[in-house]
J.: 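What follows is a structure written as structure tokens; I'll ask about it next.
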Amino acid sequence: MSEVIPSGGFHTANPHALATILEASETRSIIASSDIFDISGMKLWARNQPVSQDLQRKLMDRALSKPLETCLMAEDGVSSETLRQAVKELIDTEGPLTPLLRAHAAALQRGAAAVRLHSVVQLLLSVVQTARPSSFAHAVQAMAVAGALVHARGADERLVALAMTAGLVHDVGGIYIAPEYGEADVEETLSVESYRQLVVHPHIGQLLLSQLTDYPKDIARAVAEHHEHLDGSGYPHRLTAERISPLGRVLAATEEALAALRAPGSTLHHASVALRVVPGEFDDHLAGPLSAAARSLPPMTAHGSLPELLGQLTRLDMTLQATMNRVETLVPAESGEGLQRAAELTLYMLHKLRQGWNESGLWSPGAIGEEQVAEAEAVQDALRARLAGIERAARLTAGSQLTAEDEDRLDLMCACLTDDMAS
């Protein structure tokens, strides 16, 4: 954490955020909105002076009198009209989200117009739009989906705008980590080291919104919770239902739904399955609007044959059982605390997957006919994605202070999971 946010907080420029700002400044007008001073009172940059590479040299290892983000502005940056047009395009253009968003089009258009852009958020969104366009597109999608989910539950316009603001800024902390550790790829492809870096971004986003903006506390809290799951299987703090705010639950469901839609050819059917596949992982009321919208779509198309699917399901069943057995036999009572924590988490998450497996009916191949192949494929894909998450979460939980013996045990414990993903 300290490598991302120094002990001086935002009074020292984050190198990754600064590099992204400089990259954006090559094609977008970003200027100093006020004079920039270090803590000794030395003037480093003048008001109205355009940002350039020279700013990076002057800021190197300097503590500032005010956070850099509060001293810059994007003159031609993201505006309320930008957001309104982006949401309108999502609604009007045929895509995976269209059936969900069109059902709430009027409310989403009003909500987008009501989103208030704090100057710091406006700067960072403008920078991301230029330097990381896929991240900006994700932010707009999250804004629209979060608004649709709460509107579907009868929320008034104020709550719709609140949810849309939270969706828009949920990944604002991502600019403060190295871009190679970002979320542009499908999450199950992230390496353990990428995951280790990635898990700090909800906390950074909360700090930024709490310290540098005047947004409601509900938004900052929800941003911190947007990767938490009701059953305690999320990150960074493994919060459970009673500790996750209503708005945090909305963002978590939004994030999971959008992750499910990243795969080529995916539809709202897949997003609906992702929210329901593990019982108790997400709020059932939030899965409802996705399921309802998916019912307006043609049935899913199978990618393989029934015999191929049955073979894959058999391997998945063996993986779940073998890994549970391996964890229980590989971690003796005298092993270190880190490995014990990793084993406890792994068993808990595997039991949740087994529960999802049992409730799905996949354990009974005879019940799957040709017409159920596509849906069964979606369920098993969602379960396999969770397996990759378990492996990363176990290694992260174990930490880096393991003995050589415990490292070997951890590798063996995770081998079943990674072997299955490669099969």
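Each residue takes its place number in the sequence, starting with 1.
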J.: Could you go step by step and tell me if Arg354 and Asp317 meet the salt bridge (charged side-chain N to carboxylate O under 4.0 Å, His left out) rule?
T.: CA-CA 9 Å; Arg354 174 58 73 179; Asp317 185 25; 2.9 Å; yes
J.: Is the backbone N or O of Leu90 less than 3.5 Å from a side-chain atom of Thr93, with the two atoms forming a donor-acceptor pair by type?
T.: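 Here the side-chain-to-backbone pair does not exist.
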J.: Among side-chain atoms of Ser272 and Arg276, is any donor-acceptor pair under 3.5 angstrom?
T.: yes
J.: Would you call Arg132 and Asp171 a salt bridge, using N to O less than 4.0 angstrom?
T.: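 No.
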J.: Under the criterion salt bridge (charged side-chain N to carboxylate O under 4.0 Å, His left out), I'd like the reasoning laid out for Arg153 against Asp283: C-alpha separation, chi angles, the key distance, then a yes or no.
T.: CA-CA 12 Å; Arg153 298 185 66 181; Asp283 191 328; 3.7 Å; yes
J.: Do the non-hydrogen side-chain atoms of Glu359 and Gln355 ever get within less than 4.5 Å of each other?
T.: yes
J.: Would you say Met164 and Leu108 make side-chain contact, with heavy atoms under 4.5 Å?
T.: yes
J.: Okay, side chain of Arg102, backbone of Asp92: is any donor-acceptor separation there less than 3.5 Å?
T.: yes
J.: Tell me which one of Leu347, Thr323, Leu353 satisfies side-chain contact (heavy atoms from CB on, under 4.5 Å) with Ile390.
T.: Leu353
J.: Would you find more than 12 non-hydrogen atoms of other residues, nucleotides or ligands less than 6.0 Å from Glu375 atom CD?
T.: no
J.: I'd like to know if the side chain of Asp406 and the backbone of Leu339 have a donor-acceptor N/O pair within less than 3.5 Å.
T.: no
J.: Please report the C-alpha distance between Thr12 and Leu64 in whole Å, then the side-chain angles of each, then the deciding distance to 0.1 Å, and finally whether the side chain to side chain contact (heavy atoms under 4.5 Å, CB included) criterion is met.
T.: CA-CA 6 Å; Thr12 302; Leu64 304 178; over 6 Å; no
J.: Is a donor on one side and an acceptor on the other found under 3.5 Å between the side chain of Tyr176 and the backbone of Gly205?
T.: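 No, the answer is negative, given that no donor and acceptor are paired below the 3.5 Å cut-off.
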J.: Any chance CD of Gln211 has more than 12 other-residue heavy atoms, nucleotides or ligands included, within less than 6.0 Å?
T.: yes
J.: Does the Glu377 side chain pair with the main chain of Gly304, one donor and one acceptor, at a distance under 3.5 Å?
T.: yes
J.: Assess whether atom CD of Glu89 is packed by more than 12 heavy atoms of other residues, nucleotides or ligands within 6.0 Å.
T.: no
J.: Please check if the number of heavy atoms outside Gln401 that lie under 6.0 Å from its CD is greater than 12.
T.: no
J.: So Val121 and Tyr215, side chain to side chain contact (heavy atoms under 4.5 Å, CB included) or not? Walk me through it.
T.: CA-CA 10 Å; Val121 167; Tyr215 282 153; 3.5 Å; yes
J.: His227 and ring pair (Phe, Tyr, Trp, His ring centres under 6.0 Å): which partner among His203, His170, His201, His237?
T.: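 Testing His227 for a ring pair (Phe, Tyr, Trp, His ring centres under 6.0 Å) against His203, His170, His201, His237 leaves exactly one candidate, His201.
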J.: Would you say the side chains of Arg28 and Thr130 form a donor-acceptor pair under 3.5 Å?
T.: yes
J.: So do Arg238 and Tyr348 actually touch side chain to side chain, heavy atoms under 4.5 Å?
T.: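 Tyr348 vs Arg238: side chains touch.
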J.: Run the side chain to side chain donor-acceptor pair (under 3.5 Å) test on Ser245 and Glu225 for me, step by step, so that the C-alpha distance in whole Å, both residues' side-chain angles and the decisive distance to 0.1 Å come before the verdict.
T.: CA-CA 8 Å; Ser245 68; Glu225 298 168 338; 2.6 Å; yes
J.: Examine distances only and state if a side-chain atom of Glu391 and a backbone atom of Cys414 form a donor-acceptor pair shorter than 3.5 Å.
T.: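 Such a contact is absent between Glu391 side chain and Cys414 backbone.
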J.: Side chain to side chain contact (heavy atoms under 4.5 Å, CB included) between Phe136 and Val78: does it pass, once the steps are laid out?
T.: CA-CA 10 Å; Phe136 181 76; Val78 171; 3.8 Å; yes
J.: Tell me, do Ser119 and Ser33 make a side-chain contact under 4.5 Å, heavy atoms counted?
T.: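 No, their side chains stay 4.5 Å or more apart.
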J.: Give a yes or no on this: more than 12 heavy atoms of other residues, nucleotides or ligands lie within 6.0 Å of atom CD of Gln321.
T.: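 Enclosed: over 12 neighbouring heavy atoms sit under 6.0 Å from CD of Gln321.
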J.: Short question: side chain of Ser266, backbone of Ala263 - any donor-acceptor pair under 3.5 Å?
T.: yes
J.: So do Leu117 and Leu168 actually touch side chain to side chain, heavy atoms under 4.5 Å?
T.: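 Yes; the side chains approach each other to less than 4.5 Å.
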J.: Check whether any side-chain heavy atom of Arg315 sits under 4.5 Å from a side-chain heavy atom of Met318, and report yes or no.
T.: no
J.: In terms of side-chain heavy atoms, does Gln312 have a donor or acceptor partner in Arg384 at a distance below 3.5 Å?
T.: no
J.: Tell me which one of His229, Glu256, Lys352 satisfies side-chain contact (heavy atoms from CB on, under 4.5 Å) with Glu281.
T.: His229
J.: Does Ala74 offer a backbone N or O that forms a donor-acceptor pair with the side chain of Ser126 under 3.5 Å?
T.: no
J.: Considering only heavy atoms from C-beta outward, does the side chain of Ile36 approach that of Leu72 to under 4.5 Å?
T.: yes
J.: Taking the side chain as C-beta and beyond, is there a heavy-atom pair between Glu308 and His303 under 4.5 Å?
T.: no
J.: Output yes when a side-chain donor or acceptor of Thr267 lies under 3.5 Å from a complementary backbone atom of His269, and no otherwise.
T.: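 Yes, because the side chain of Thr267 sits within donor-acceptor range (under 3.5 Å) of the backbone of His269.
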J.: Do NZ/NE/NH1/NH2 and the carboxylate oxygens of Lys66 and Asp38 come within less than 4.0 Å?
T.: no
J.: Under a 3.5 Å distance rule, please check whether Thr70 uses its side chain to pair with a backbone N or O of Pro67 as donor and acceptor.
T.: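 Yes, because the side chain of Thr70 sits within donor-acceptor range (under 3.5 Å) of the backbone of Pro67.
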J.: Once side-chain contact (heavy atoms from CB on, under 4.5 Å) is applied, do any residues pair with Leu159, and if so which ones, sequence neighbours excluded?
T.: Ala155, Asp156, Leu162
J.: Are the charged groups of Arg84 and Glu81 less than 4.0 angstrom apart, N to O?
T.: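 Glu81 and Arg84: salt-bridged.
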